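The structure displayed is predicted, hence computed values, not measured ones.
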Amino acid sequence: MKECLKIKKVLNNNVIIASHNQHNEVVVIGKGIGFGRKTDDILDGERAEKIFVLKNEREREQYKMLVPHVSERLIEIMNDVLLYIQQRVETPLNEHIHVALTDHIAFAIRRLKQGFAMDNPFLMETKALYPQEYKIATDVVALINERLQIELPEGEIGFVALHIYSAITNSEVSSVNQNSRLIAHLVTLIEEQLDLLIDRESIHYLRLVRHLHYAIERVKKGEKVEEPKRFAEILKDEYPVCYNLAWKLVKVMQNQLQQPVYEAEIVYLTMHLQRLVQSKVDVVR
């Protein structure tokens, strides 16, 4: 890289904010690149090991506030992590991941050192919903553990997977996490009402979780699902327990999401629930 960069702010010895002739403000990372430097100094671009652009002003300001509170070693590792994630996915990552994931990992490490490991009650739902992101997150957590000689708990894989999925789909992490929470709640209700324990590694669980996920996404997008009325009447007569439970689940979704849920969702949920009941019967036999 031959262009010159004008320093606008030194964040630490290895990270600066600089003016770039094409991208306005950029984040520049390099070993000792900020040491002894001050605002308006001109820097040879060849000294930069990594340059990334935060186009969103809000993200830029958040990153500026975050970096001084995070160790330089972790900033270096996180930039390697983000580069690795980008290489593993096919779409550009939302730039918010630079702030959100770095902040999350810094907090997780701090909690670990204090002896308070974060529990993740939605780990299995996350693994089932986002398998590709979960695989990447597994490698990311392993990389961080190896580089920092720590042992982040398995639950962190789920949290990292949510951040990756959020960055790929340009969605809020809180919204993605809400889906996992809601699905976990619905699965618990199903187990209680049908008096069964669903094997989290089974194909039945995988199908159920993915169906619930797609149903929630349809509701959020306001996608109308056609109701096969004749079929609904048959299911109601043949499988009243599953049909009534499906109706309750739809009401829970409606209350949690604060959006209307088309009654056709009851039909499709009833079929999934009946499949679960049948699988239990088959096992007993």
Side-chain angles (χ1 to χ4, degrees), residues 120-135 137 155 157-158 161-162 164-166 168-169 171 174-285:
N120 187 345
F122 316 111
L123 185 65
M124 296 309 297
E125 285 76 18
T126 302
K127 185 177 182 180
L129 286 170
Y130 316 114
Q132 183 59 31
E133 291 79 8
Y134 194 90
K135 286 179 184 177
I157 297 173
L162 291 181
I164 296 172
Y165 179 80
S166 169
I168 293 172
T169 59
S171 54
S174 58
S175 176
V176 177
N177 197 29
Q178 181 194 38
N179 284 8
S180 297
R181 287 175 181 269
L182 178 52
I183 289 168
H185 178 51
L186 293 172
V187 170
T188 299
L189 288 176
I190 291 167
E191 289 182 320
E192 290 174 353
Q193 295 293 311
L194 296 180
D195 189 27
L196 52 79
L197 185 63
I198 306 171
D199 180 2
R200 281 356 186 220
E201 301 294 337
S202 70
I203 188 65
H204 303 293
Y205 173 75
L206 187 63
R207 286 171 178 162
L208 175 64
V209 166
R210 288 187 177 172
H211 174 78
L212 292 171
H213 171 68
Y214 292 133
I216 291 169
E217 288 300 310
R218 285 194 293 270
V219 172
K220 286 185 172 182
K221 294 175 183 176
E223 293 180 5
K224 186 171 183 178
V225 181
E226 293 298 326
E227 183 181 358
K229 291 187 177 179
R230 178 61 186 148
F231 193 32
E233 290 300 322
I234 293 172
L235 289 176
K236 189 175 182 179
D237 291 338
E238 291 288 326
Y239 312 116
V241 173
C242 291
Y243 187 90
N244 289 335
L245 176 55
W247 185 87
K248 290 178 184 177
L249 297 175
V250 163
K251 290 302 176 186
V252 170
M253 289 168 57
Q254 196 164 275
N255 290 334
Q256 289 285 324
L257 300 173
Q258 291 295 296
Q259 287 180 256
V261 181
Y262 290 103
E263 290 189 13
E265 296 290 355
I266 297 173
V267 171
Y268 301 114
L269 259 176
T270 300
M271 290 189 290
H272 277 276
L273 296 174
Q274 180 55 34
R275 186 181 294 143
L276 277 175
V277 171
Q278 188 60 47
S279 68
K280 179 184 177 183
V281 172
D282 291 343
V283 168
V284 172
R285 286 176 181 171

Problem - Test side chain to side chain contact (heavy atoms under 4.5 Å, CB included) applied to Tyr134 and Leu123, step by step - result: CA-CA 10 Å; Tyr134 194 90; Leu123 185 65; 3.6 Å; yes

Problem - Between CD1 on residue Ile216 and CE on residue Met253, distance to nearest 0.5 Å - result: 5.0 Å

Exercise for the section: May I ask you to test the Leu212-Leu269 pair for a side-chain heavy-atom distance under 4.5 Å? Expected result: yes

Problem - For Ser180 against Leu129, the heavy-atom pair lying closest together - result: OG-CD1, 4.2 Å

Fill in the blank from the handout: Output for pair (Leu186 CG, His211 NE2), nearest 0.5 Å, gives 10.5 Å

Exercise for the section: Report yes or no: does Glu125 contribute a side-chain atom to a donor-acceptor pair with the main-chain N or O of Ala184 at less than 3.5 Å? Expected result: no

Handout entry: Nearest atoms (heavy-atom pairs only) where Gln259 meets Val219
Key = NE2-O, 3.1 Å

Handout entry: Heavy-atom pair with the smallest gap, counting every atom of Ala137 and Ala161
Key = CB-N, 3.5 Å

Handout entry: Nearest atoms (heavy-atom pairs only) where Gly158 meets Thr126
Key = O-CG2, 3.6 Å

Completion exercise
Rounding to 0.5 Å, atoms OG1 (Thr169) and CD (Glu133) come to a distance of 8.0 Å

Practice task
With the side chain counted from C-beta on, respond yes when Leu276 and His272 share a heavy-atom pair under 4.5 Å apart, and no when they do not.
Solution key: no

Practice task
Please test Tyr205 against Val187 for side chain to side chain contact (heavy atoms under 4.5 Å, CB included), starting from the C-alpha separation and ending with a verdict.
Solution key: CA-CA 9 Å; Tyr205 173 75; Val187 170; 4.3 Å; yes

Handout entry: Evaluation steps, side chain to side chain contact (heavy atoms under 4.5 Å, CB included), between Lys248 and Gln193
Key = CA-CA 10 Å; Lys248 290 178 184 177; Gln193 295 293 311; 3.6 Å; yes

Problem - Worked check of side chain to side chain contact (heavy atoms under 4.5 Å, CB included) between Lys220 and Gln178 - result: CA-CA 12 Å; Lys220 286 185 172 182; Gln178 181 194 38; 3.4 Å; yes

Handout entry: Distance (rounded to the nearest 0.5 Å) between Tyr130 OH and Ile164 CD1
Key = 12.5 Å

Handout entry: Side-chain heavy-atom pair Val250, Glu263 within 4.5 angstrom cut-off
Key = no

Exercise for the section: Measure the spacing between CZ of Arg275 and OH of Tyr239 and express it to the nearest 0.5 Å. Expected result: 11.5 Å

Practice task
With the side chain counted from C-beta on, respond yes when Arg218 and Glu265 share a heavy-atom pair under 4.5 Å apart, and no when they do not.
Solution key: yes

Problem - Atom pair CG/CD1 of Leu273 and Ile266 - distance to nearest 0.5 Å - result: 11.0 Å

Problem - Pairs where residues 234-244 contributes a residue and the test salt bridge (charged side-chain N to carboxylate O under 4.0 Å, His left out) is met, not counting sequence neighbours - result: none

Completion exercise
Heavy atoms of Val277 and Cys242 approach each other most closely as CG2-SG, 3.8 Å

Exercise for the section: Compute whether any side-chain donor of one residue and acceptor of the other, for Glu217 and Asn179, lie under 3.5 angstrom apart. Expected result: yes

Fill in the blank from the handout: Closest non-hydrogen contact found for Leu206 with Ala128 is CD1-O, 3.6 Å

Exercise for the section: Would you confirm whether Arg210, through its side chain, and Leu208, through its main-chain N or O, come within 3.5 Å as a donor-acceptor pair? Expected result: no

